[in-house]
Each structure stands twice: as structure tokens, then as C-alpha cells.
Protein chains: 2
Amino acid sequence: MASAMRSSLSRSIEDYLKAILELQSEGTPAQTSAIADSLAVAPPSVSGMLKRLSEAGFIEYEPYKGVVLTAVGRRAALKIVRRHRILESYLMSKLGYDWDTVHDEAERLEHAVSDQLIERMAMALGHPRYDPHGAPIPTTAGDIERPDHVSLTDIPVGRIAELRMVGDKDPERLRYLATLGLKPGATFEVLSRQPFHGPVAIRVAGPMPRDQIVGYELAETLWCSMVEEEVG
Amino acid sequence: MASAMRSSLSRSIEDYLKAILELQSEGTPAQTSAIADSLAVAPPSVSGMLKRLSEAGFIEYEPYKGVVLTAVGRRAALKIVRRHRILESYLMSKLGYDWDTVHDEAERLEHAVSDQLIERMAMALGHPRYDPHGAPIPTTAGDIERPDHVSLTDIPVGRIAELRMVGDKDPERLRYLATLGLKPGATFEVLSRQPFHGPVAIRVAGPMPRDQIVGYELAETLWCSMVEEEVG
DNA sequence: ATCCAAAGTTAGGCAAGACGAATTCAGGAG
DNA sequence: CTCCTGAATTCGTCTTGCCTAACTTTGGAT
């Protein structure tokens with residue numbers, strides 16, 4: 001039985017793979033400087049690590065041309081993402097963590113937990129498909145749901161939409177969103193939009209509907225799906 | 001407020017401090033080679049680390065004479081021990097871990113969890129005073145109960161005793177103890193003892209009392225307190 | 001009082017990762 | 001086609017922590 005051995009990649013390698021997975025989205029290879037920013041290290045550190053990751057077979061690396069994950073690298077990265085999202089779900093659901101403070105804790109734990117622990121947590125939660133931010137949780141097989149939502153900045157004025165996922169990670173902005181009642185599952189109507197990347201006005205549905213202004217930068221990170229118009 | 005900053009000692013340092021704490025018990029300083037064995041590293045690695053720990057103020061180090069923790073080092077070590085024991089308790093109580101498999105998971109997590117997470121787990125458990133092996137859990141203030149139990153090898157024949165704590169860490173022996181019904185809280189009578197460090201025979205109390213033979217090495221790790229004789 | 005074995009330490013290296021400084025490449029402006 | 005700028009890489013170095021080999025100290029046996 002090829003059971004749950006902890007192949008135990010170093011913490012650094014796991015962090016690099018996760019960053020590359022997030023940056024290479026949509027076919028574009030990840031850039032060295034973007035990885036450096038994402039991990040808060042200097043570019044030469046990234047170049048050095050890319051060479052090691054390439055030799056280890058995790059990435060396809062053509063110097064000066066950016067980097068994409070191999071199948072092996074992608075699987076490894078998705079495993080970390082699964083850990084992170086199960087951890088966030090568990091900490092919020094079972095240990096009273098807040099939406100905005102849970103990220104850092106999960107960030108450290110994701111490198112230390114065993115597969116067994118993650119699966120026990122997943123079971124205790126009833127195998128959730130989305131984490132508290134609305135992001136899909138990769139399966140143990142390494143599949144992840146391809147999201148079909150669009151940014152709030154792309155919802156036409158007058159439409160009703162449902163918030164599906166919050167991309168922002170900044171605790172302060174997450175706290176702000178919580179005060180607006182804007183968490184995954186909330187529905188709202190787009191009231192108006194300022195031109196030239198201006199803020200968006202929405203009316204959040206609920207027992208006490210309330211109008212809110214959302215800055216463009218934040219709106220870009222709110223991923224939504226449009227709700228069917230009443231036909232007739 | 002001096003709140004829960006993660007002073008974040010390196011994993012290595014935490015491991016060394018924990019090992020020294022366990023080895024220096026009863027006034028005797030910890031020996032270099034004992035630390036090396038305990039951490040599965042070579043003696044020169046220990047010498048090197050002892051110098052660093054000493055400079056950092058965690059230990060009192062006199063070359064060739066062994067090592068004892070300073071007050072600062074002891075506090076740091078007890079903090080790790082608290083983390084470990086709360087983790088073991090939580091994993092068993094809330095996530096279905098077994099008595100014999102929980103150690104390794106806790107061993108990795110104890111270096112990654114925040115103080116906040118440990119306190120939330122402790123609260124969820126109702127602030128337990130002992131871990132699943134019967135070992136006392138240090139308080140957040142850094143105090144630990146001084147155990148008053150004695151080894152099974154020191155209980156006179158004919159006495160009734162209660163198992164308070166299992167010192168062994170080997171999963172196989174822990175599984176074996178579980179099959180005997182020997183976990184903290186169990187009571188038994190010492191039936192006989194072979195001379196010259198031979199095995200001990202006991203009768204475990206319970207709905208179905210059963211006689212068992214316990215090897216000397218294992219018996220040494222079973223910490224018990226004698227139960228009052230019936231007076232009269 | 002001496003000597004020897006065991007325990008401990010020093011010396012010298014190696015690997016992982018990070019850094020700043022200096023160099024090289026790629027791609028757009030002219 | 002050439003040049004320039006910004007991104008990326010190479011180079012040399014640092015820190016942490018581990019190792020083996022060689023040396024030193026300690027303390028018990030004689």
C-alpha cells in the first residue's frame with residue numbers, strides 16, 4: 001500500500017510551489033520578480049531556488065523566460081493548498097477563529113500537518129468543498145474546481161449577483177468586509193459604478209438591506225456569479 | 001499589553017531545550033551525549049548548539065561539565081512541553097487519534113502552532129491538567145506539577161496501586177499496554193516480583209480482573225501511586 | 001601517582017537559503 | 001539596427017545546523 005508517507009518537502013520549497021501555482025494562473029508563466037514579491041525575498045534568492053526546483057523536476061524553467069509547474073509540481077502545490085484551506089475551515093468552524101485572522105495560523109500549520117490529520121479534519125467538517133473565503137478546496141486526488149465567477153467590477157449595473165469568493169488576504173480589509181455583511185453567499189444588487197476604475201455602489205440583500213460603496217481595488221478581488229434575472 | 005507575540009525560536013532550539021529539560025531532571029546536569037542520543041544527532045552538533053544556547057542565555061554551560069537550563073530556558077522549554085501535551089490531548093479527544101500514534105503528530109505541530117491556538121484547544125478541552133499519558137500539563141505561567149508517583153518497580157508485593165503516568169514513548173509498547181487495559185487511572189495489585197530486575201506480576205482491577213506479567217524495563221516506565229490500605 | 005578509555009570539544013566541510021553587488025539578457029524606442 | 005532600461009542571473013558571502021576526523025579533558029582502574 002502506497003500509504004501516507006510524509007515525503008516532507010522543505011518549508012521553503014512548499015512556499016515556492018504554492019506561490020508559483022498562484023502566479024502562473026491562466027497559462028502565463030510566473031515571473032521571478034513576482035515570486036520574489038509574493039514570498040518577500042530578493043530576486044537572486046528566487047533564481048537560486050528555481051534552479052533547484054527545476055533539477056528536482058517540480059518546474060519547467062527556461063532562464064529569463066519565467067517558470068511553469070510540471071505535473072509533479074502542480075500536484076505538490078495543490079496538496080499544500082488543500083492543507084491550507086482545510087485548516088482554515090477547521091480553525092474557523094471548530095476553534096472560533098475569525099475570518100480575518102485564520103490565514104496566518106494556517107500558513108504556518110500547512111507545513112507541519114500530516115496527511116492523516118488533514119483528512120481527519122476534513123472528515124470532522126463533512127468534507128467541505130469551499131473554504132471560508134469561498135475558494136474551492138482541492139481533492140486528495142489533486143483536482144480543483146475551475147471557478148466560473150467573475151469580478152464584481154464586471155457585473156453590469158442593475159444586476160443581482162451572489163458573492164462567491166473573496167480574493168483579498170489583508171486582515172484589515174477582511175474585517176471591513178465582515179462589517180458590511182459581505183461574505184461568500186451574500187447577494188446584492190449593483191446600483192452604480194463610477195467610470196475610470198472608480199468605486200462600485202451595491203445594495204446588500206438581507207433582513208436589513210444596506211447600500212455600500214466598494215473601492216475599485218477591493219471590488220476587483222470580489223468574485224461573484226450573476227443571479228438569474230426574473231424572467232417576466 | 002504583552003500579548004501573544006510569536007518569539008519564534010527555531011525548531012532546532014526548541015528541540016534542544018525540550019531535550020535538556022527532560023534530561024536534567026533531579027539536579028543532574030544534562031550530558032552532551034545524552035542530548036545527542038535524544039535528538040539523534042552527533043555529539044559535535046550538540047557542542048556547537050550548546051555554545052549558541054549559552055550565548056543566547058538559555059543554558060548555564062560549563063564545557064565538559066554538562067548543562068542546566070536558566071530560568072529563561074526552563075520557561076521556554078516548558079512552553080513547548082505545554083504545547084505538546086495540549087496537542088496530544090486535543091488530537092486524541094477531538095480527532096480520534098490513538099494513544100500510540102499521537103506523539104509524532106504533536107512533535108511536528110508543537111513548533112508551528114501559535115499560543116493562541118494552544119489556548120483555544122485548551123479551552124475546548126476544559127483546561128485539562130494531564131495529557132493522555134498521564135503527564136502533567138504545564139500552565140501558561142510556566143509552572144508544572146511535581147509528580148509524587150513512584151515506579152511500578154518500587155511498589156511492594158501485595159499493595160494496590162493506581163497507574164498515574166506512562167513514561168514510555170514506543171508506539172508498539174503503548175499498543176501492548178492498551179491491550180492490557182493499562183492506561184492512566186487503572187488500578188491493580190502487585191502479585192509478585194522476580195528478583196534481579198525480573199518481571200512484575202500484577203492483577204488489573206476491573207469488571208474482568210486479569211493477571212498480567214510486565215517486563216522490568218516497561219515496569220520502570222509505569223509511574224504509580226499506592227492506594228491506601230483498608231485500615232481494619 | 002599514572003594511565004587509559006570514554007566523553008567532550010575543536011577544526012574543517014557541506015548543504016540549504018538568503019543577501020547585495022555586479023553582470024547579462026530581452027524587448028521596446030528611436 | 002542600435003541603444004537603453006528594467007528584469008533576471010551570476011558571484012561571492014553569510015548564517016544555521018549538521019557531519020567526520022582529530023584532539024583534549026575527565027575520572028576511574030591500577
Side-chain angles (χ1 to χ4, degrees), chain A residues 6-20 22-24 27-69 73 76-77 80 107-108 110-112, chain B residues 6-20 22-24 27-69 73 76-77 80 107-108 110-112:
Chain A
R6 254 196 83 64
S7 43
S8 209
L9 303 178
S10 83
R11 190 204 153 120
S12 269
I13 290 181
E14 291 182 345
D15 280 336
Y16 274 92
L17 292 178
K18 198 165 56 129
I20 294 167
E22 274 164 23
L23 290 170
Q24 72 168 26
T28 355
Q31 310 287 122
T32 297
S33 56
I35 300 170
D37 286 351
S38 159
L39 297 176
V41 300
S45 308
V46 176
S47 284
M49 181 58 91
L50 291 185
K51 202 176 307 168
R52 273 169 260 148
L53 291 177
S54 170
E55 280 160 11
F58 289 118
I59 60 174
E60 215 75 57
Y61 176 39
E62 194 163 355
Y64 294 100
K65 293 296 175 57
V67 77
V68 292
L69 293 171
I80 311 300
E107 194 75 19
R108 271 179 287 108
E110 67 190 8
H111 306 292
Chain B
R6 253 195 86 60
S7 43
S8 209
L9 303 179
S10 84
R11 190 204 152 118
S12 269
I13 289 180
E14 291 182 343
D15 281 336
Y16 274 91
L17 292 178
K18 195 165 57 128
I20 294 168
E22 275 163 24
L23 291 169
Q24 72 167 26
T28 356
Q31 309 286 121
T32 298
S33 56
I35 300 169
D37 286 352
S38 159
L39 297 177
V41 300
S45 307
V46 176
S47 283
M49 182 60 91
L50 292 186
K51 203 175 307 170
R52 273 171 259 149
L53 291 178
S54 170
E55 280 160 11
F58 290 117
I59 59 174
E60 215 75 55
Y61 176 38
E62 193 164 355
Y64 294 101
K65 294 295 175 56
V67 77
V68 292
L69 294 171
I80 311 299
E107 195 76 17
R108 269 178 288 106
E110 67 190 10
H111 305 292

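Below, chains carry the letters A, B, ... as their sequence lines are ordered, and counting in each starts from 1. Just so you know, these numbers come straight off a predicted model, no measurement behind them.
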- Task: Please check the phosphate of C:dA6 (OP1 and OP2 only) for any side-chain N or O of B:S33 closer than 4.0 Å.
- Result: no
- Item | A:K51 vs A:I59, side-chain contact (heavy atoms from CB on, under 4.5 Å): CA-CA, chis, key distance, verdict | CA-CA 9 Å; A:K51 202 176 307 168; A:I59 60 174; over 6 Å; no
- From CG of B:L23 across to C1' of C:dG8 the rounded distance in Å is 16 Å
- Message: Looking at B:E107 and B:K18, is any side-chain nitrogen of the basic one under 4.0 Å from a carboxylate oxygen of the acidic one?
- Response: yes
- Message: Could you tell me how far apart A:I35 (CD1) and C:dG17 (P) are, to the nearest whole angstrom?
- Response: 15 Å
- Decide side-chain contact (heavy atoms from CB on, under 4.5 Å) for A:Q24 and A:L69; before the verdict, give the C-alpha distance in whole Å, the side-chain angles of both, and the deciding distance to 0.1 Å. CA-CA 8 Å; A:Q24 72 168 26; A:L69 293 171; 3.7 Å; yes
- Heavy-atom protein contacts under 4.0 Å, nucleotides 15-29 of chain D, coded B base, S sugar-phosphate only, - none: --BSBBB--BSS---
- Query: Separation of B:D37 atom CG from C:dG8 atom P, in whole Å?
  - Reply: 10 Å
- Under 4.0 angstrom between A:Q31 side-chain N/O and D:dA8 OP1 or OP2: yes
- Roughly, in whole Å, what's the span from CG in B:L50 to P in C:dG8? 10 Å
- Integer-rounded Å distance: C:dT9 C1' and B:L53 CG: 16 Å
- Is any side-chain N or O of B:Y61 closer than 4.0 Å to OP1 or OP2 of C:dG8? no
- Message: Counting the atoms with a prime plus P, OP1 and OP2 as sugar-phosphate, which does B:S47 contact under 4.0 Å by heavy atoms, base, sugar-phosphate, or nothing?
- Response: base
- Query: Would A:S12 and A:M49 satisfy side-chain contact (heavy atoms from CB on, under 4.5 Å), going step by step from the backbone distance to the final call?
  - Reply: CA-CA 9 Å; A:S12 269; A:M49 181 58 91; 3.8 Å; yes
- Item | Any side-chain heavy-atom pair of B:V68 and B:P29 under 4.5 Å | yes
- Non-hydrogen atoms of B:L50 and B:T32 that approach each other most closely: CD1-OG1, 4.0 Å
- Task: Calculate the interatomic distance between A:K51 atom NZ and D:dA8 atom C1'; express it in whole Å.
- Result: 11 Å
